[in-house]
Amino acid sequence: MLDNDLPEIDWDSMTFSYQKTDRMYVAHCKQGEEWQPGEMQDFGDISLSPAAGVLNYGQGLFEGMKAQRAADGSIVIFRPERNAKRMQEGAKRLGIPPVSEAMFQDAVRQAVLENLRWVPPMGKGALYVRPLLMGSGAILGVAPAPEYRFLVYVSPVGPYFKGGMKPISLKISDEFHRAAPGGSGGVKAIGNYAPGMVPSKMAKAEGYAEIIYLDAVHHRYIEEVGAANFFCIKDGVVSTPELTGTILPGVTRASVLEIAEDLGYEVKEEKVDVEYAMSADECFCAGTAAVISPIGSIRFGDHVYEFGDEVGPVTQKLYDELTAVQQRRIPDERGWTVTVE
Ligand code: PLP
Ligand code: COI
């Protein structure tokens, strides 16, 4: 296949799944030194010592962004500086040398530019951009690795939840927790995700799209969904769990809060009691992969609360506004989209 050939992809039936692409970005750093300039190389397997810190002790972080074709013909990424900053916070927490915002953004830009043919047509998905930051050096004792690698690869994706804007059924977990105070729930540590796989698989086997986690102290306040933040709307008030260090500070979450406020809704970041959420008018989850996904029903123990088969009016309004800004179908007055060039 020539470089400019379009890949053989049915853009209309894409899901959120891995697709090998052409090129990836790789940079190296030794503990205590500066990051070496990174370079683009052909996408492929990487070699790591079996004693690498990331393999043995999970010293690693990831990020997720989407590059999309916009209405003005350009390719845009949504607020990547926020992902860069979040990765820096995570690096601090895990004892990894942080990658500067400029280096992060340049790596993302190069990774998109060298995989342009994989960017789906406008409105048919996105090129998911996945930066990884990991302890690549060998270490046997539990301590920060002596060497680090920063990598960016990409993959074209469709909707995270089957059906896109179709309301999903979720189950609140009364058995598993995602994060505890003082832990790593507030950063995008790779180790936060494996413990959620079995709970999520169990919920899916029962017909639910995902799990909603409760806080690990009171078992009463909603934290977030497996890979997205939680919102509910009651009597016109848009509420989302406050950031207490156990919830991922989502870029979509922050953007939805600002959009909701600009649209004139009262907005609250607070403890969201499970009883309150289950009496709300509408609920949805929000994230880069999930965008805004409406929640049609929630099960908690023996109770099932139905929000209905239709997307709620506030959820729809927020979705329309968010996606319009992301694809520059309306003027991006907040300067949230960055052109990849
Ligand atoms: N919460 C978790 C656990 C996530 O993995 C994600 C995805 O990144 C989010 C929330 C949403 O964050 P963002 O909107 O930055 O993608
Ligand atoms: C994202 O929304 O970017 C995520 O990280 C979700 C991912 C775990 C699939």
Side-chain angles (χ1 to χ4, degrees), residues 14-19 60-68 77-90 93 104 108 111 125-133 152-162 164 168 170 173 176-180 183-197 199-201 204 209-216 222-231 240-260 269 272 284-293 295 318-319 322-323 325-326 336:
M14 279 201 304
T15 56
F16 195 90
S17 50
Y18 165 75
Q19 162 72 53
L61 296 160
F62 75 94
E63 267 303 331
M65 284 154 286
K66 278 176 172 170
Q68 304 195 56
I77 305 193
F78 190 64
R79 310 185 81 179
E81 71 289 347
R82 290 221 156 206
N83 298 84
K85 289 201 180 91
R86 187 167 66 190
M87 191 167 243
Q88 289 180 335
E89 289 304 308
R93 179 68 182 82
F104 181 99
V108 166
L127 188 70
Y128 187 73
V129 183
R130 173 53 64 83
L132 292 176
L133 180 58
V152 183
Y153 70 90
V154 299
S155 185
V157 295
Y160 190 65
F161 294 113
K162 243 187 261 159
I168 50 174
L170 299 180
S173 171
F176 301 104
H177 292 283
R178 180 185 168 272
S184 61
V187 299
K188 221 161 159 58
I190 59 170
N192 291 344
Y193 292 81
M197 290 176 187
S200 168
K201 203 171 162 194
K204 283 176 186 164
E210 251 303 348
I211 289 257
I212 297 177
Y213 289 103
L214 294 181
D215 79 283
I222 292 196
E223 295 252 289
E224 57 184 313
V225 183
N229 293 113
F230 180 86
F231 281 82
T240 194
E242 62 189 355
L243 299 176
T244 55
T246 55
I247 294 169
L248 196 79
V251 178
T252 320
R253 175 188 177 280
S255 309
V256 167
L257 285 171
E258 206 172 317
I259 288 173
E269 293 179 74
V272 177
F284 64 85
C285 55
T288 299
V291 193
I292 283 180
S293 296
I295 299 172
L318 293 170
Y319 174 88
L322 175 72
T323 53
V325 176
Q326 287 177 331
W336 281 351

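Order of appearance sets the numbers: ligands from 1, and atoms from 1 within every ligand. Side chains are part of it too, since the values below use all heavy atoms of this structure and drop only hydrogens, waters and symmetry mates. Nothing here was measured: the structure is a model prediction, and the numbers come from that model.
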Checklist entry - Out of G196, G64, A227, A286, who gets a non-hydrogen atom closest to atom 6 (C) of ligand 2? => result A227
Checklist entry - Do any heavy atoms of R82 fall under 4.0 Å from ligand 1? => result no
Checklist entry - Could you give the distance from CD1 (I212) to CG (L170), rounded to the nearest 0.5 Å? => result 4.5 Å
Next on the checklist: If I apply the N/O under 3.5 Å rule, does R253 come out as touching ligand 1?
Outcome noted: no
Checklist entry - Between F16 and F161, does the ring centre distance come in under 6.0 Å? => result no
Checklist entry - Angle class for the F284/F231 ring planes (parallel below 30°, perpendicular above 60°, tilted otherwise)? => result parallel
Checklist entry - Taking atom types as modelled, is there a side-chain donor on R79 or S255 under 3.5 Å from an acceptor on the other? => result yes
Item to check | Contacting atoms of ligand 2, where contact means under 4.0 angstrom from a heavy atom of T288 | outcome: 1 (C), 2 (O), 3 (O)
Checklist entry - Taking heavy atoms and a distance under 4.0 Å, where does M65 meet ligand 2: side chain, backbone, both or neither? => result neither
Checklist entry - For K188, is at least one N or O under 3.5 Å away from an N or O on ligand 2? => result yes
Checklist entry - Would you say Y128 has any N or O atom under 3.5 Å from an N or O of ligand 2, going by distance alone? => result yes
Item to check | Test side-chain contact (heavy atoms from CB on, under 4.5 Å) applied to I190 - qualifying residues, sequence neighbours left out | outcome: V54, F62
Checklist entry - G226 heavy atoms, cut-off 4.0 Å: which ligand 1 atoms fall inside? => result 3 (C)
Checklist entry - So which heavy atom on Y213 is nearest to which on P199, and how close? => result OH-CB, 4.0 Å
Checklist entry - Does any N or O in the side chain of E223 come within less than 3.5 Å of the main-chain N or O of P241, such that one atom is a donor and the other an acceptor? => result no
Checklist entry - Considering only protein heavy atoms, which is closest to atom 1 (N) of ligand 1, and at what distance to one decimal place? => result E224 OE1, 2.4 Å
Next on the checklist: Within ligand 1, which atoms have a heavy atom of R178 less than 4.0 Å away?
Outcome noted: 3 (C)
Checklist outcome for this item: heavy-atom search around atom 6 (C) of ligand 1 in the protein gives A227 O, 3.3 Å
Next on the checklist: For A290, state whether at least one heavy atom is located under 4.0 Å from any atom of ligand 1.
Outcome noted: no
Item to check | Nearest protein heavy atom with distance in Å, relative to atom 7 (C) of ligand 2 | outcome: R130 NH2, 3.9 Å
Next on the checklist: I168 vs C285, test: side-chain contact (heavy atoms from CB on, under 4.5 Å). Steps then yes/no.
Outcome noted: CA-CA 10 Å; I168 50 174; C285 55; 4.2 Å; yes
Item to check | Atoms of ligand 2, numbered as shown, that sit under 4.0 Å from any heavy atom of F16 | outcome: 9 (C)
Checklist entry - Can you tell me which residue and heavy atom of the protein come closest to atom 7 (C) of ligand 1, and the distance to 0.1 Å? => result K188 NZ, 3.1 Å
Next on the checklist: Just to check, does E63 reach to within less than 4.0 Å of ligand 1 when the distance is taken from its heavy atoms?
Outcome noted: no
Next on the checklist: Main chain of T252, side chain of N229: is a donor-acceptor contact present, judged purely on distance under 3.5 Å?
Outcome noted: no
Next on the checklist: With rounding to the nearest 0.5 angstrom, report the CG to CZ distance, L248 to R178.
Outcome noted: 6.0 Å
Checklist entry - Where is the nearest protein heavy atom to atom 5 (O) of ligand 1: which residue, which atom, and how far? => result Y193 OH, 2.5 Å
Checklist entry - What residue and atom, counting heavy atoms only, is the protein's closest point to atom 2 (O) of ligand 2, and at what distance? => result A289 N, 2.8 Å
Next on the checklist: Please check: side-chain N/O of R86 versus main-chain N/O of E63, any donor-acceptor pairing under 3.5 Å?
Outcome noted: no
Next on the checklist: Can you report which non-hydrogen protein atom sits closest to atom 14 (O) of ligand 1, along with the distance?
Outcome noted: T252 OG1, 2.6 Å
Checklist entry - Considering only heavy atoms of R86, which atoms of ligand 1 have at least one such atom less than 4.0 Å away? => result 12 (O), 13 (P), 15 (O)
Checklist entry - When you measure from atom 16 (O) of ligand 1 to every protein heavy atom, which one gives the shortest distance, and what is it? => result T288 OG1, 2.5 Å
Next on the checklist: Using the side chain to side chain donor-acceptor pair (under 3.5 Å) definition, which of the options E258, E224, E269 pairs with R253?
Outcome noted: E269
Next on the checklist: Show the atoms of ligand 1 that are less than 4.0 angstrom away from any heavy atom in N229.
Outcome noted: 10 (C), 11 (C)
Checklist entry - Which heavy atom of the protein is the closest neighbour of atom 12 (O) of ligand 1, given with residue, atom name and distance? => result G250 CA, 3.3 Å
Next on the checklist: Taking only non-hydrogen atoms of G64, do any sit less than 4.0 angstrom from ligand 1?
Outcome noted: no
Checklist entry - Do any nitrogen or oxygen atoms of V251 lie less than 3.5 angstrom from nitrogen or oxygen atoms of ligand 1? => result yes
Checklist entry - Quick check: does any side chain N or O of H177 sit under 3.5 Å from a backbone N or O of L214, one acting as donor and the other as acceptor? => result yes
Checklist entry - Is a side-chain donor or acceptor of T288 paired with a backbone partner of M65 at a separation under 3.5 angstrom? => result no
Checklist entry - Short N/O distance, under 3.5 Å, between A290 and ligand 2? => result no
Checklist entry - Any sub-3.5 Å donor-acceptor pair from N192's side-chain atoms to S184's backbone N or O? => result yes
